[in-house]
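The first residue of the sequence shown is numbered 1, and numbering continues consecutively from there.
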Amino acid sequence: GRQLTSVSGRAIGDQDALRLDIESSRYGRGYLTGDVQMSLAATGFRPVTVSLELDDVDLDEMLRDQSMPVVGLEADVSGPFQYEFPRARPRGGDGFAELIVSPRSGNGGLAVSGAVPVVIRDGVVRSESIRLNSESQVFVAEGHFDLDTSSGQFGFSVTTKKVEELFPL
């Protein structure tokens, strides 16, 4: 799961709702701020709303936490993430992310940059225009992933000037 460290913030609540304000926290060598609001209503929709801002979060760690089998990318991720779901169905919500990927050097991976726009509707994560660039490659992807069934499909293409960077011998 996702692990936040060095968390500071506050919890505010009454009989109707609880709000957790995350003033600062560490996640994936970067930072995460925002809030989580939860309805405490006894019946009905009882929404949970997550509104976060990622700042220089390690892309490799983030992909690992999402169980995505992509490794070896040297980049940090920043941008907003919003998600609202019924408390009884955390994998059945709606939201979006507008993530910006910035290259980082240091561990011998492939430094990439680009944009990852994501829309989530009824628990299905979709992106139709993922584009990551490195010095010699362009990676373009689109697809969907169902949070409830942990299944989906992404198609992608890679254009490269240096095949040896993708397949070292």
Side-chain angles (χ1 to χ4, degrees), residues 1-4 22 25 27-36 45 47-169:
R2 293 151 210 76
Q3 185 171 10
L4 301 179
I22 304 168
S25 66
Y27 171 62
R29 287 190 269 183
Y31 299 91
L32 189 139
T33 59
D35 62 69
V36 178
F45 177 60
V48 176
T49 303
V50 179
S51 179
L52 302 173
E53 186 72 28
L54 287 74
D55 186 19
D56 292 335
V57 172
D58 180 65
L59 178 59
D60 249 3
E61 185 167 339
M62 196 169 99
L63 291 171
R64 216 175 16 258
D65 284 350
Q66 300 302 318
S67 300
M68 294 188 164
V70 178
V71 295
L73 299 177
E74 287 290 327
D76 294 320
V77 178
S78 298
F81 170 81
Q82 303 229 344
Y83 187 59
E84 181 175 88
F85 58 91
R87 205 165 81 199
R89 285 192 59 228
R91 296 175 184 225
D94 299 324
F96 73 92
E98 290 290 335
L99 304 176
I100 302 299
V101 179
S102 303
R104 185 184 67 237
S105 60
N107 293 331
L110 184 62
V112 295
S113 65
V116 181
V118 174
V119 174
I120 308 167
R121 293 285 173 256
D122 197 28
V124 178
V125 179
R126 293 188 183 282
S127 186
E128 297 179 2
S129 58
I130 297 171
R131 183 179 176 97
L132 298 176
N133 303 296
S134 73
E135 188 174 303
S136 303
Q137 287 87 23
V138 176
F139 172 87
V140 178
E142 64 178 47
H144 67 279
F145 185 81
D146 188 314
L147 297 172
D148 210 23
T149 63
S150 295
S151 65
Q153 182 174 359
F154 277 82
F156 67 91
S157 67
V158 177
T159 305
T160 185
K161 295 177 188 173
K162 296 182 178 179
V163 172
E164 64 275 10
E165 287 183 357
L166 298 175
F167 303 101
L169 299 176

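Applying the salt bridge (Lys or Arg N to Asp or Glu O under 4.0 Å) criterion to D58, with sequence neighbours excluded, gives R29, R104. Here S78 pairs with D55, D56 under the side chain to side chain contact (heavy atoms under 4.5 Å, CB included) rule; sequence neighbours left out. S151 is linked by a side chain to side chain donor-acceptor pair (under 3.5 Å) to T149, counting only residues two or more places apart in sequence or in another chain. For E53, the side chain to side chain contact (heavy atoms under 4.5 Å, CB included) test picks out T33, P80, with sequence neighbours left out. With sequence neighbours excluded, no residue forms a salt bridge (Lys or Arg N to Asp or Glu O under 4.0 Å) with R64. The side chain to side chain donor-acceptor pair (under 3.5 Å) check on S157 picks up nothing, with sequence neighbours excluded. Legend: residues meeting salt bridge (Lys or Arg N to Asp or Glu O under 4.0 Å) with D148, ordered by chain and number and at least two apart, are absent. In terms of the side chain to side chain donor-acceptor pair (under 3.5 Å) criterion, residue partners of D35 (sequence neighbours excluded) are, by chain and number, Q37.
Among residues at least two apart or in separate chains, ring pair (Phe, Tyr, Trp, His ring centres under 6.0 Å) pairs with a member in residues 123-154 are F139-F156. For residues 81-94, the pairs satisfying side chain to side chain donor-acceptor pair (under 3.5 Å) are T49-E84, S51-Q82, with sequence neighbours left out. Pairs engaging residues 91-133 under the ring pair (Phe, Tyr, Trp, His ring centres under 6.0 Å) rule: none recorded [sequence neighbours left out].
Under the 3.5 Å distance criterion, the side-chain polar atoms of S25 are matched with a main-chain donor or acceptor of L32.
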Kindly determine whether V101 and L59 satisfy side-chain contact (heavy atoms from CB on, under 4.5 Å), including the steps that lead there. CA-CA 8 Å; V101 179; L59 178 59; 4.2 Å; yes
Check residues 115-131 and write down every donor-acceptor pair under 3.5 Å in which the side-chain atom is one partner and the other belongs to a residue at least two apart or another chain.
from	atom 1	to	atom 2	distance (Å)
S127	OG	P117	O	2.5

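Between P103 and S113, the closest heavy-atom pair is CD-CB, 3.5 Å. Across all their heavy atoms, F85 and P90 have their closest contact at CD1-CA, 3.2 Å.
Between atom CG of residue L4 and atom OH of residue Y27 there is a gap of 8.0 Å, rounded to the nearest 0.5 Å. Taken from CG in L54 to CG in D76, the straight-line distance is 11.0 Å, to the nearest 0.5 Å.
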